[in-house]
Amino acid sequence: GYAGAFPAPAAAPAPDAWLHLDASDTNSLTLVESGGTRYVQAWADVRTNGLYTYAPFAKNRPALKTGSSFPHVDFGLLSTAKTDGTLNGQHLWWSQTNTNLRTVFLVTSDADSGIQQNFIGSLADTLPFARGASGLFFGSAASAYLKDGTHSLDFARVVGVSTFLPAGFHVVGLRTQGGGVKGDVFARDRDTHAGGQKLAEVLLYDRLLDDAEFAATGSYLMRKWFGAGTEQDSAVYRLKGLADTALNVGAGRTLSCKTA
């Protein structure tokens, strides 16, 4: 696994991503406005290569949020509710299924409720990216290819089965070991629940990034979204990562974090 330090940020992520989504690219988003909220009907690859994600029904459209933080797609709170036999929660299907995901980068946050969604979902069958209790990267049901692979959180290399995703936005990097895993939807766990996630940028590769590429892509995303191209900048990005996040401080009260 990767054990080196994160280098100075690259000018671009590692090449040849299978899917690249970026909420700051408004041209890649098909939006439907209702009641003052912009809902995402489709979110396309920024390279206009024909790959895209989409809401199967109007009720499943997530919201595009900008506010005082960077743009992101907000899938709302986790929901198990159904109408006419289909999940009501917000999620986006992929236009193509990929059964050989080897490297994943997400600029992501759990929902404000603190109830976590899997980093990448599944419409049926197994759930390779199954999260663990209380926000762990991975639980026992996750694929061994992922659990045994390389995991990074912002600038740190971590062990996914014992690492919790902190509140607010973070750069999560994952690299499999031994084989690829399947993905076909964001913010949905089969027919069980949907929602519970926020995404600002997604880079999915059907190849293993080498150590240098993995490190440089993580640093690129940290500089782009948090202005922290090196670990020394971390004090600033930790505050920015909490933007537009409501933290439960007890006694029925929440603390809303805003940044200029």
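If you read the sequence from its start, that first residue is 1, and numbering goes on from there. Only this structure's heavy atoms are used, side chains among them; waters, hydrogens and symmetry mates stay out. None of the values given here were measured: they were computed from a predicted structure.
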Got [X] and [Y] here, is their nearest side-chain heavy-atom distance under 4.5 Å?
X: Leu199; Y: Val107; value: no
X: Phe138; Y: Leu146; value: yes
X: His170; Y: Leu153; value: yes
X: Gln177; Y: Tyr145; value: no
X: Gln96; Y: Leu51; value: yes

For salt bridge (Lys or Arg N to Asp or Glu O under 4.0 Å), just list the numbers for Asp110 and Lys198, CA-CA rounded to whole Å, side-chain angles, deciding distance to a tenth of an Å, and then say yes or no. CA-CA 6 Å; Asp110 284 332; Lys198 302 176 185 180; over 6 Å; no
Considering the options Val185, Leu204, Leu174, which one meets the side chain to side chain contact (heavy atoms under 4.5 Å, CB included) requirement together with Ile120? Leu204
Only one of Asp22, Leu19, Leu21 forms a side chain to side chain contact (heavy atoms under 4.5 Å, CB included) with Val46, so which one is it?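 With Val46 as partner, Asp22, Leu19, Leu21 yield a single side chain to side chain contact (heavy atoms under 4.5 Å, CB included), made by Asp22.
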Interatomic spacing from [atom1] in [X] to [atom2] in [Y] - rounded to 0.5 Å:
X: Glu201; Y: Phe70; atom1: CD; atom2: CZ; value: 10.5 Å
X: Ser122; Y: Asp189; atom1: OG; atom2: CG; value: 7.5 Å
X: Arg61; Y: Gln41; atom1: CZ; atom2: CD; value: 4.5 Å
X: Leu31; Y: Thr37; atom1: CG; atom2: OG1; value: 11.5 Å
X: Leu221; Y: Phe169; atom1: CG; atom2: CZ; value: 13.0 Å
X: Leu165; Y: Ser134; atom1: CG; atom2: OG; value: 12.5 Å

Quiz question: by atom type and distance under 3.5 Å, do the side chains of [X] and [Y] form a donor-acceptor pair?
X: Lys59; Y: Thr86; answer: yes
X: Gln116; Y: Arg131; answer: no
X: Ser79; Y: Asn88; answer: no

Non-neighbouring partners of His193 that pass ring pair (Phe, Tyr, Trp, His ring centres under 6.0 Å), sequence neighbours left out: none
Kindly write out the residues that satisfy ring pair (Phe, Tyr, Trp, His ring centres under 6.0 Å) with Tyr52, not counting sequence neighbours, or none if the list is empty.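 Residues passing ring pair (Phe, Tyr, Trp, His ring centres under 6.0 Å) with Tyr52: Tyr54.
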Determine yes or no for a side-chain-to-main-chain donor-acceptor pair under 3.5 angstrom, with [X] supplying the side chain and [Y] the backbone.
X: Thr126; Y: Pro128; answer: no
X: Gln197; Y: Thr108; answer: no
X: Arg188; Y: Arg190; answer: yes
X: Ser219; Y: Ala216; answer: no
X: Asp206; Y: Asn98; answer: no

Quick one: do Phe75 and Gln117 satisfy side-chain contact (heavy atoms from CB on, under 4.5 Å)? Show the steps, please. CA-CA 10 Å; Phe75 292 89; Gln117 182 56 271; over 6 Å; no
What is the minimum heavy-atom distance between [X] and [Y], and which atoms define it?
X: Thr103; Y: Leu208; result: OG1-CA, 3.5 Å
X: Phe164; Y: Ala133; result: CE2-O, 3.6 Å
X: Leu78; Y: Gly195; result: CD1-O, 3.3 Å
X: Pro13; Y: Leu203; result: CB-CD1, 3.6 Å
X: Ala111; Y: Leu77; result: CB-CD2, 4.1 Å
X: Ser95; Y: Gly50; result: OG-O, 4.1 Å

Full working for side-chain contact (heavy atoms from CB on, under 4.5 Å) between Leu136 and Thr163: CA-CA 5 Å; Leu136 287 169; Thr163 299; 5.6 Å; no
Going by the rule side chain to side chain donor-acceptor pair (under 3.5 Å), which residues pair with Lys147 if we only count those two or more places apart in sequence or in a different chain?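 Residues passing side chain to side chain donor-acceptor pair (under 3.5 Å) with Lys147: none at all.
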Verdict with supporting geometry, Arg102 and Thr176, side-chain hydrogen bond (donor to acceptor under 3.5 Å, both in side chains): CA-CA 5 Å; Arg102 301 302 309 270; Thr176 68; 2.6 Å; yes
Quick one: which residue pairs count as a ring-ring contact (aromatic ring centres under 6.0 Å, His included) with a foot in residues 16-51, not counting sequence neighbours? Trp18-Trp94
Residue pairs fulfilling ring-ring contact (aromatic ring centres under 6.0 Å, His included) with at least one residue in residues 109-134, sequence neighbours excluded: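 For residues 109-134: Phe119-Phe137.
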Distance flag, aromatic centroids of His91 and Phe186, threshold under 6.0 Å: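 No.
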Check for me whether the distance between the ring centres of Tyr205 and Phe105 falls short of 6.0 Å. no
Using the rule that two of Ile, Leu, Val, Met, Phe, Trp, Tyr join whenever any of their side-chain heavy atoms come within less than 4.5 Å, decide whether Val73 and Val32 are in one cluster.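 In one cluster with Val73: Val32, no.
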Compute both the distance and the angle, then confirm whether Arg175 meets the cation-pi test with Phe214: under 6.0 Å from the six-membered ring centre, within 45 degrees of the axis. yes
By side chain to side chain contact (heavy atoms under 4.5 Å, CB included), which residues pair with Glu213, not counting sequence neighbours?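 Only Ala14, Pro15, Arg207, Leu209, Asp210 meet the side chain to side chain contact (heavy atoms under 4.5 Å, CB included) criterion with Glu213.
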Does Lys82 pair with Asp191 as a salt bridge, N-O distance under 4.0 Å? yes
CA sep, side-chain torsions, deciding dist, call: Lys65, Asp74, salt bridge (Lys or Arg N to Asp or Glu O under 4.0 Å): CA-CA 7 Å; Lys65 299 290 183 68; Asp74 188 345; 3.1 Å; yes
